[in-house]
K.L.:
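One structure, as structure tokens, below. Some questions next.
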Amino acid sequence: MLASDLSVAPNLGRVLALVLECAVTAVHCDWAAIDVRPAGQSPAVSATSDPRLTDALGSRNVGTGGKYGLAVQPGPATVSNQGTSLDQLWQEWSTGLSELGVRSAYVVRLRAGQSFLGSITFYAAQTSRFGPDDKASADLLAVHAALAVAATQATADLTGAIESRTA
């Protein structure tokens, strides 16, 4: 069902919204955030599943990491299970996340082929929340999200090229 919905999403904003809706239910997390860097664009495009998470994370871009996480830094998935206030990885956001009650986070990079597109971060109020099944669900969701983001970007690029030739 998700793959079908993503394939007909009219724009990147809708793709991100669908992914976040699925993230909370499929991965059994309390909140989720996604950062993508559309080809050739800066800063990253970011969205969260809950306005309280948006407030907790703040609205600034930190380096090239996007607003809500480690969006555009290639590398393996990252788990933070010791409580975000204790984890070096989350220093930029630890105060807001702690106030919201976040105790665990799982970051999955979004890749399509050789292209690195961003990341999706799953947050939970429970320490050590993400087990093997949750991680497998998150990884699968990230594959769907990456393919949908790449397809949406390709469609936008093609539309732009056609419009520039007819203008």
Side-chain angles (χ1 to χ4, degrees), residues 1-38 41 43-62 65-73 77-85 87 89-112 116-153:
M1 181 78 147
L2 176 65
S4 298
D5 291 343
L6 290 172
S7 70
V8 297
N11 55 48
L12 183 58
R14 183 64 185 141
V15 166
L16 300 184
L18 287 167
V19 169
L20 291 172
E21 287 172 22
C22 185
V24 173
T25 56
V27 182
H28 304 96
C29 63
D30 297 302
W31 309 275
I34 189 168
D35 287 300
V36 297
R37 181 174 307 278
Q41 292 185 21
V45 175
S46 305
T48 67
S49 63
D50 186 317
R52 295 174 300 154
L53 180 61
T54 305
D55 293 342
L57 292 167
S59 60
R60 68 193 180 286
N61 284 310
V62 179
K67 289 182 183 178
Y68 304 135
L70 306 170
V72 292
Q73 299 175 12
T78 304
V79 179
S80 171
N81 278 328
Q82 289 121 18
T84 54
S85 63
D87 196 325
L89 192 62
W90 304 99
Q91 282 186 347
E92 295 289 340
W93 302 276
S94 65
T95 300
L97 291 174
S98 292
E99 289 172 2
L100 183 59
V102 172
R103 299 293 175 263
S104 298
Y106 183 58
V107 180
V108 183
R109 308 302 183 218
L110 301 178
R111 292 187 176 278
F116 177 73
L117 304 171
S119 68
I120 183 169
T121 307
F122 306 88
Y123 299 96
Q126 178 184 348
T127 302
S128 300
R129 169 64 190 89
F130 301 107
D133 291 343
D134 300 310
K135 293 175 190 174
S137 295
D139 293 345
L140 180 60
L141 177 59
V143 170
H144 283 285
L147 294 174
V149 166
T152 301
Q153 289 177 353

K.L.:
Give the minimum heavy-atom separation between A23 and L141, together with the two atoms involved.
P.N.:
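For A23 versus L141, the nearest heavy atoms are CA-CD2, 3.5 Å.
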K.L.:
Under the salt bridge (charged side-chain N to carboxylate O under 4.0 Å, His left out) rule, collect the residues that match up with E99, sequence neighbours excluded.
P.N.:
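Expected list: none.
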K.L.:
Quick one: list whatever passes side chain to side chain contact (heavy atoms under 4.5 Å, CB included) with A125, sequence neighbours left out.
P.N.:
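Counting only residues at least two positions away or on another chain, A125 forms a side chain to side chain contact (heavy atoms under 4.5 Å, CB included) with D30, W31.
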K.L.:
What distance separates S46 OG from I34 CD1, expressed to the nearest 0.5 Å?
P.N.:
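Interatomic distance, S46 OG to I34 CD1, rounded to 0.5 Å: 9.5 Å.
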K.L.:
Between OG1 of T121 and CZ of R109, what distance do you get to the nearest 0.5 Å?
P.N.:
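So the OG1 of T121 and the CZ of R109 are separated by 7.5 Å.
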K.L.:
Would you call V36 and I120 a side-chain contact if the rule is heavy atoms closer than 4.5 Å?
P.N.:
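Counting from C-beta outward, V36 and I120 never come under 4.5 Å.
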K.L.:
Under the side chain to side chain contact (heavy atoms under 4.5 Å, CB included) rule, collect the residues that match up with A146, sequence neighbours excluded.
P.N.:
L110, L117
K.L.:
Holding to salt bridge (charged side-chain N to carboxylate O under 4.0 Å, His left out), I want the full list of residues that pass it with D134, two or more places apart in sequence or in another chain.
P.N.:
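Expected list: R129.
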K.L.:
Is there a donor-acceptor contact under 3.5 Å from the side chain of S137 to the main chain of V27?
P.N.:
no
K.L.:
Can you list everything that forms a salt bridge (charged side-chain N to carboxylate O under 4.0 Å, His left out) with D50? Sequence neighbours excluded, please.
P.N.:
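Counting only residues at least two positions away or on another chain, D50 forms a salt bridge (charged side-chain N to carboxylate O under 4.0 Å, His left out) with R52.
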K.L.:
By side chain to side chain contact (heavy atoms under 4.5 Å, CB included), which residues pair with V143, not counting sequence neighbours?
P.N.:
L147
K.L.:
Sequence neighbours left out, cut at 3.5 Å: what donor-acceptor pairs do the side chains of residues 13-22 make with other protein atoms?
P.N.:
none

K.L.:
Nearest heavy-atom pair of Y123 and C29: which atoms, and what distance?
P.N.:
O-CB, 3.3 Å
